[in-house]
Amino acid sequence: MPTFDIVTIFPAMIEQPLAAGILGRAVASGLLDVKVRDLRDFTTDRHRVVDDVPYGGGPGMVLKPDPIFRALDAIEAERGAPLTVVLTSPQGRRFTQGEAQRLSGLQHLVLLCGRYEGFDDRVRERVSDEVSIGDYVLTGGELPALVILDAVARFVPGVVGDEQSVVEDSFSRGLLDFPQFTRPAEIGDLRVPDVLLSGNHAEIRRWRKRAALVRTLERRPDLLTDASLDEEEQEILKELRHGRD
Ligand code: JD8
């Protein structure tokens, strides 16, 4: 299970969400070791300046390299090697469930949160992985760092109650989730599918497989190319595809 160090100029943006929910419980119980580091603590000037104008001109500011190098040196001195330094940016490789699982096997993860126009490019000399959480533009790296922390932490034994559910997760298997229902069985004219009230667990399992496949086929057919389907699922999929084309 990796330790996490998150370097940011907005520690509160990380600390507040980290206090809630499943991650909050894991941190409070000592299962997850997360340290949030204020980049300004690694400046040496009176005004704790972290940014500067871009060489060559142009709009916006760039994060100065020296506070980041000092932060990484301090983290390495404290945690020891090997540090895996993850930088988030729109230029990164797409972050995926497989990537989350891979990172969960490392010893020390550092998440560098950028702001403004990003980092002085020389910081990339110390970066192991540059990832993007998706094709849209954000104002900084704090939300991506939280997304990565959340996805990686779920693989840490004990963080999610049911171990089995993590590896069988929809994205781990390459299928979308089946629909869920809870009481009441009827609300207005909306009814829960009868099979789920039947108590016939073999039938329920088969209905859920079919429903997951229908959803995936309709909404994310791209996932099916790499999906790991058991024999029953392959059978159902063949049948569903027959009815379509
Ligand atoms: C980090 C600064 C702001 C805005 C220059 C780089 C990830 N999928 C994603 N979208 N956006 C980010 C992201 C944006 C960031 C930083 C991540 C640090 N910014 C942008 C426009 C121009 N910068 C991201 N992962």
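When a ligand or atom number is given, it counts from 1 through the structure's own listing order.
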Subject >> Per-atom contacts, ligand 1 versus V137 - under 4.0 Å to a heavy atom >> reply: 4 (C), 10 (N), 21 (C)
Subject >> Shortest heavy-atom approach to atom 4 (C) of ligand 1 - which of L63, V147, L138 >> reply: L138
Original post:
When you measure from atom 5 (C) of ligand 1 to every protein heavy atom, which one gives the shortest distance, and what is it?
Top reply: E117 OE1, 3.7 Å
Subject >> Set of salt bridge (charged side-chain N to carboxylate O under 4.0 Å, His left out) partners for D52, sequence neighbours left out >> reply: none
Subject >> side-chain contact (heavy atoms from CB on, under 4.5 Å) partner of L32, the single match among V152, V159, T3 >> reply: V159
Subject >> E142 and R115, any side-chain heavy atoms less than 4.5 Å apart >> reply: yes
**OP:** Please state which part of S89 comes within less than 4.0 Å of ligand 1, counting heavy atoms only: side chain, backbone, both or neither.
**Re:** backbone
Subject >> Proximity to ligand 1 by part of V131, non-hydrogen separation under 4.0 Å >> reply: backbone
Original post:
Is R122 atom CZ crowded by more than 12 heavy atoms from other residues, nucleotides or ligands, each under 6.0 Å away?
Top reply: no
Subject >> Protein contact of atom 1 (C) of ligand 1 - nearest heavy atom, named by residue and atom, plus distance >> reply: T88 O, 3.3 Å
Original post:
Under a 4.5 Å cut-off applied to non-hydrogen side-chain atoms, are D230 and K209 in contact?
Top reply: yes
Original post:
Does any N or O atom in S132 lie less than 3.5 angstrom from one in ligand 1, N or O only?
Top reply: yes
Subject >> Atom CG of L190: over 12 foreign heavy atoms under 6.0 Å >> reply: yes
Original post:
Out of curiosity, is G140 lining ligand 1, as in a heavy atom under 4.0 Å away?
Top reply: yes
**OP:** Could you please spell out the steps behind the salt bridge (Lys or Arg N to Asp or Glu O under 4.0 Å) verdict for D45 and K64?
**Re:** CA-CA 12 Å; D45 63 307; K64 292 162 65 63; over 6 Å; no
**OP:** Look at atom 8 (N) of ligand 1 and say which protein heavy atom is nearest, naming residue and atom and giving the distance to 0.1 Å.
**Re:** G134 O, 2.8 Å
Original post:
Relative to the heavy atoms of I133, which atoms of ligand 1 are at a distance of less than 4.0 Å?
Top reply: 7 (C), 8 (N), 25 (N)
**OP:** Starting from atom 18 (C) of ligand 1, find the nearest protein heavy-atom neighbour and note its residue, name and distance.
**Re:** G114 C, 3.3 Å
Original post:
Hey, is Y116 touching ligand 1 through its side chain, its backbone, both or neither, going by heavy atoms under 4.0 Å?
Top reply: backbone
Original post:
What atoms of ligand 1 come closer than 4.0 angstrom to any heavy atom of Y136?
Top reply: 8 (N), 9 (C), 10 (N), 11 (N)
**OP:** Using distance alone, determine whether D135 and ligand 1 share an N or O pair under 3.5 Å.
**Re:** no
Original post:
Is the CE atom of M1 crowded by more than 12 outside heavy atoms at less than 6.0 Å?
Top reply: no
Original post:
In the protein, which heavy atom is nearest to atom 13 (C) of ligand 1, and how far is it?
Top reply: P90 CD, 3.7 Å
Contacts under 3.5 angstrom, residues 124-131 side chains, donor-acceptor by atom type, not counting sequence neighbours:
unit_1	atom_1	unit_2	atom_2	d
R124	NE	E130	OE1	2.8
R124	NE	E130	OE2	3.4
R124	NH1	D121	OD1	2.8
R124	NH2	E130	OE2	3.0
R126	NH1	D73	OD1	3.4
R126	NH2	D73	OD1	2.8
S128	OG	V85	N	2.9
D129	OD1	R93	NH2	2.8
D129	OD1	R102	NH2	2.8
E130	OE2	S89	OG	2.6

Subject >> Geometric N/O contact P144 with ligand 1, under 3.5 angstrom >> reply: no
**OP:** Looking only at non-hydrogen atoms, find the nearest pair between P2 and L106 and report the distance.
**Re:** CB-O, 3.0 Å
